[in-house]
Amino acid sequence: MLPVPRLWDVVIAFVFFFGAVGDVAHAVEVDPAVLDGCPGYNATSVNVDGPRLSAKLVLAGTPCNVFGSDIKVLDLVVVYETNTRIHLKITDASNTRYEVPESVFPRPAADPNVLLDAAQIQFTYTSAPFSFNISRSRTGEVLFTTAHHPLIFEPQYLRLKTELPPAANIYGLGEHSDPFRLDATNTTRTMWSRDAYGIPPGTNLYGNHPVYFEHRPSGATHAVFLLSSSGMDVKIRGDGDGTTLEYNVIGGVLDFYFLAGSESDPAEVARQYAQIVGTPAEVPYWSFGLHQCRYGYVDYIDVADVISNYSAAGIPLETMWTDIDYMYKRRIFTMDPQYFPPARMREIIDYLHKHDQRYVLMTDPAIGYLPGQGYEPYDLGTQLDVWVKTPNGSASLGVVWPGVTVFPDWFHPKIGEHWTGEFKKFFNPETGFDIDGVWIDMNEPSSFCVYPCDDPQAQAIANGFPPNRTTPVPNPNSPIFNNANVELARRGAPSYAGDDLLNPPYAINNTAGVLSDLTVYTNSIHANGLVEYDTHNLYGTMMSTATHEAMLARRPGLRTLVITRSTFAGAGHNVGKWLGDNLSTWEHYRISIAGMLGMATVAQVPMIGSDICGFGDNTTVTLCARWAMLGAFYPFMRNHNIAGAISQEFYRWPLVTQAAKNALDIRYRLLDYFYTAFHKASLDGSPVINPLWFKYPTDTSTFGIDLQFFFGDSILVSPVTEENVTAVTIYLPKDRFYDFATLAPVEGMGADVTLTDVNFTTIPLYIRGGAVLPLRTTGAMTTTELRANDFEFVVAPGVNGTAAGALYVDDGVSIVQEQSTSLEMAFAEGKLRVTGSFAFEVGVKVASVVFLGVESPPTAVAVYPGKDNTPFSYDDANKVLRVQVDMPLTEGFEVAFH
Ligand SMILES: *[C@@H]1O[C@H](CO)[C@@H](O)[C@H](O)[C@H]1NC(C)=O
Ligand SMILES: *[C@@H]1O[C@H](CO)[C@@H](O)[C@H](O)[C@H]1NC(C)=O
Ligand SMILES: *[C@@H]1O[C@H](CO)[C@@H](O)[C@H](O)[C@H]1NC(C)=O
Ligand SMILES: *[C@@H]1O[C@H](CO)[C@@H](O)[C@H](O)[C@H]1NC(C)=O
Ligand SMILES: *[C@@H]1O[C@H](CO)[C@@H](O)[C@H](O)[C@H]1NC(C)=O
Ligand SMILES: *[C@@H]1O[C@H](CO)[C@@H](O)[C@H](O)[C@H]1NC(C)=O
Ligand SMILES: *[C@@H]1O[C@H](CO)[C@@H](O)[C@H](O)[C@H]1NC(C)=O
Ligand SMILES: *[C@@H]1O[C@H](CO)[C@@H](O)[C@H](O)[C@H]1NC(C)=O
Ligand SMILES: *[C@@H]1O[C@H](CO)[C@@H](O)[C@H](O)[C@H]1NC(C)=O
């Protein structure tokens with residue numbers, strides 16, 4: 001969603017800090033020598049108890065008081081939680097400071113039987129001044145060291161700095177639109193949720209995931225996660241001598257998890273991170289179908305037209321979406337009676353459901369501040385007293401689409417009752433609008449009210465919120481609650497005495513300006529006494545969880561599809577995300593891959609995708625054609641567009657229609673392969689999207705690649721990346737591949753290859769040798785239809801002649817599966833073996849098995865149980881052997897040739 005155009009410039013003061021105590025100038029850059037001149041701490045009272053070490057850290061010398069007074073005594077606790085995880089926490093010894101609440105981020109359990117001898121990483125320290133190292137046990141390699149940079153711990157400024165190898169390979173610290181491998185010479189990653197129209201690189205965006213993976217050329221990967229929702233700048237600086245990574249945090253505590261990862265399998269570190277943040281939620285099978293959305297479908301007729309135009313064009317549309325256009329005066333939980341008459345909307349939804357298609361509506365957090373106007377979501381929430389509050393106890397006001405708004409307080413004990421209640425009413429499957437999934441936006445939370453937001457009413461009027469449509473139509477909701485004065489409980493001030501919650505002495509590089517600009521004021525207070533200053537970065541994830549629960553309550557037992565804009569670490573456990581308001585540019589087409597990798601591979605938010613063909617600005621035919629094909633390999637595939645731009649549904653141009661059809665056909669054939677990967681991810685956090693270095697961890701040429709990726713484990717996607725060209729230079733690691741289109745073997749030489757004549761309806765795809773792919777047969781207009789298609793297993797042996805794969809099938813929608821089918825496919829020496837459990841009635845068969853890279857026609861092919869002599873065909877040009885097996889998916893079988 002588009003924020004109000006900014007007609008002003010925020011000037012961020014850029015000052016060098018010279019050490020004057022009490023100076024509250026906004027420092028974005030501080031002379032490193034000043035910080036390194038701080039005294040640090042001495043470790044005393046060190047106590048070791050099995051896997052747990054504790055100590056007091058005592059300020060070691062004259063306070064430096066760079067951004068406040070140095071805290072004199074700290075508590076250090078280090079715990080070896082598992083063989084691969086060390087948890088290190090530094091807190092104020094005499095004051096309770098803010099920590100991310102367990103209710104929002106449950107902490108992982110420690111293994112009670114952890115053996116120090118088996119620990120893959122180790123913590124060592126020096127007492128005076130205190131510093132620590134994390135190193136890899138087997139090799140002694142230092143992964144993190146604070147040896148040369150003193151710890152600084154002040155009320156509103158925490159600093160910890162590590163040294164890393166020169167040109168370190170660092171990934172993560174999202175959300176950002178920078179390259180997947182961060183520039184190790186000069187990157188500042190600011191964590192502060194922001195409505196970031198146009199997703200500019202080098203700025204803070206919608207979500208915050210303070211975790212990075214670091215990969216070393218030996219093939220080893222480890223991770224560092226700072227569990228903090230406080231605003232921060234993570235500064236990476238480097239030259240030929242080395243790289244440094246510095247945390248500059250404006251609150252909370254230092255709560256680190258160090259993960260050993262693995263010396264040879266990068267995916268292991270992703271799985272270890274999932275042990276902390278939770279494995280991703282399984283989503284409904286249908287949610288991998290194509291989604292169509294736009295801001296600016298002005299009425300129900302537009303919506304209906306798009307649905308029928310997709311159908312007429314023969315492009316499989318799974319899910320239709322509607323943006324805020326449907327709301328009456330932009331108020332959530334209302335339907336505009338004139339433009340989106342409820343009866344018509346129900347007809348549309350019924351039609352979609354009868355055709356095995358789905359419907360999604362958008363919901364924002366901000367609720368119109370409409371006292372005495374009979375707007376139930378506001379009145380009821382006011383009665384329950386569930387709004388975020390100003391320090392004086394009144395509701396904190398902002399300006400969003402409906403004009404002046406209040407903001408739900410997700411910490412309030414009754415907010416679930418309110419939110420779930422509204423969902424149950426408005427989205428009631430029988431009496432309301434029976435949506436299949438929900439889209440939540442503006443939950444940074446975004447406000448259009450420019451700081452200082454002293455008069456939101458004036459700002460709402462001046463900027464035209466809500467916009468006038470035509471003659472206002474009376475609100476069909478009659479007022480059912482009177483507006484009796486509700487006593488607003490005054491929140492006890494938390495122990496932030498002395499803290500400046502609006503303008504802290506260290507100013508993070510928030511592109512929006514001061515912390516409270518264009519969002520809820522940071523001195524706002526939540527029901528549990530926490531302040532927005534500390535919890536701002538949790539808002540989107542907390543709304544996500546509340547929305548996930550509201551959707552579960554509507555349709556108990558069914559998986560939910562909730563797509564959010566703002567996320568915090570752990571969001572993927574409940575919801576998916578899209579990468580915000582990008583633009584219809586080639587740059588944004590390219591950067592979408594890095595964005596996807598950052599979320600799917602590092603942050604454990606695998607249900608991810610960018611707006612296909614671009615949200616803002618006008619797309620072009622060729623950009624949209626290429627993007628339709630790239631987007632077919634995003635986990636979440638949605639075309640979305642801004643109001644006022646040219647239409648960009650795939651059927652608008654013949655070229656794009658063809659490109660979309662081609663790519664969707666491939667995506668749908670691969671859907672069970674991908675669904676199987678997603679199921680595995682939900683069990684153990686294995687990535688569903690892989691950067692090349694995850695598969696080739698010692699091939700240094702792969703470390704910086706973010707224009708190619710693996711969809712699942714085995715489909716190498718290498719899109720054309722430039723405008724007006726039909727060629728692309730790609731990297732093929734030294735390995736066996738197969739062209740997905742012809743199935744012919746392709747030898748990767750560990751070198752660049754230039755592909756030419758890649759026309760605008762083709763995307764280059766390769767199968768990585770070593771895979772058995774469970775493809776569906778071609779042709780389906782919905783995923784329901786697709787599930788009635790037979791399978792075709794494709795056996796693509798690796799360099800050593802073997803291949804393996806998996807297939808997981810269930811009903812696609814239930815959270816608890818009574819029965820599922822889970823197969824393993826293994827190929828070696830001319831024989832494919834399919835084994836597993838077959839409890840789910842798949843209802844279709846494996847029609848054929850296709851063996852790739854078969855050098856010569858076999859003399860005989862046999863299928864067991866069944867026929868000794870099975871007919872086959874052999875394609876000599878492409879070395880493909882095709883066997884018609886017709887095996888029902890009710891028991892194991894084998895296919896052998898010689
Ligand atoms: C910290 O340790 C150093 C080195 O042993 C010592 O000089 C200094 O006095 C200690 N500081 C405090 C506050 O104990
Ligand atoms: C930490 O590592 C550095 C090298 O990076 C080394 O100089 C220092 O001695 C190590 N300290 C400890 C306590 O292991
Ligand atoms: C580092 O990046 C910042 C922000 O882009 C820029 O202002 C600065 O000049 C860069 N510094 C160097 C040494 O390149
Ligand atoms: C909307 O209409 C009202 C009444 O006609 C008018 O006062 C107001 O200025 C209009 N607002 C906008 C944004 O055009
Ligand atoms: C701070 O953010 C601005 C954009 O708002 C960016 O231009 C600048 O480079 C950033 N500074 C650093 C040090 O990254
Ligand atoms: C997009 O195209 C429309 C229609 O041609 C035009 O009105 C609009 O100004 C264009 N938008 C941009 C950002 O160029
Ligand atoms: C691509 O072709 C179009 C139409 O000829 C042209 O306007 C555009 O500038 C070209 N883009 C590039 C990057 O060459
Ligand atoms: C585009 O290329 C593909 C693959 O080479 C080919 O099958 C298809 O016919 C081409 N399309 C057009 C319109 O030339
Ligand atoms: C062949 O290679 C695969 C993938 O690297 C490996 O998992 C498998 O164990 C190898 N098999 C043999 C027989 O070497």
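For ligands, and for the atoms within them, numbers begin at 1 and follow the listed sequence.
- Interface atoms of ligand 1 facing Asn42, defined by a heavy-atom separation under 4.0 Å, are 1 (C), 2 (O), 3 (C), 8 (C), 10 (C), 11 (N), 12 (C), 14 (O).
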Show the numbers, then the answer: is there a side chain to side chain donor-acceptor pair (under 3.5 Å) between Glu163 and His148? CA-CA 8 Å; Glu163 288 176 354; His148 301 113; 3.0 Å; yes

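- With a 4.0 Å heavy-atom cut-off, ligand 1 is reached by the backbone of Leu59 but not by any atom from C-beta on.
- Listed by chain and number, residues touching ligand 7 at under 4.0 Å (heavy atoms only) are Glu723, Asn724.
- Within the model, atoms OG1 of Thr279 and CG of Asp684 stand 8.5 Å from one another, a figure rounded to the nearest 0.5 Å.
- Close approach of ligand 1 to Ala128 (heavy-atom distance below 4.0 Å) involves ligand atoms 2 (O), 4 (C), 5 (O).
- Backbone and side-chain nitrogen or oxygen atoms of Gly61 are examined, and none is located within less than 3.5 angstrom of a nitrogen or oxygen of ligand 1.
- Interatomic distance, Ile705 CD1 to Ile730 CD1, rounded to the nearest 0.5 Å: 9.5 Å.
- Contact check for Phe703 versus Tyr171: side-chain heavy atoms found under the 4.5 Å cut-off.
- Heavy-atom contacts of Asn800 reach the following atoms of ligand 9: 1 (C), 2 (O), 3 (C), 8 (C), 10 (C), 11 (N), 12 (C), 14 (O) (cutoff under 4.0 Å).
- Looking at heavy atoms from C-beta onward, Thr726 lies out of side-chain contact with Val720 at the 4.5 angstrom threshold.
- Between the OH atom in Tyr41 and the CD1 atom in Ile152 there is a gap of 8.5 Å [rounded to 0.5 Å].
- Taking the six-membered ring where the residue is Trp, Phe737 and Tyr696 present tilted rings, their angle falling between 30° and 60°.
- Here the side chains of Gln648 and Trp653 are in contact, with some heavy-atom distance below 4.5 Å.
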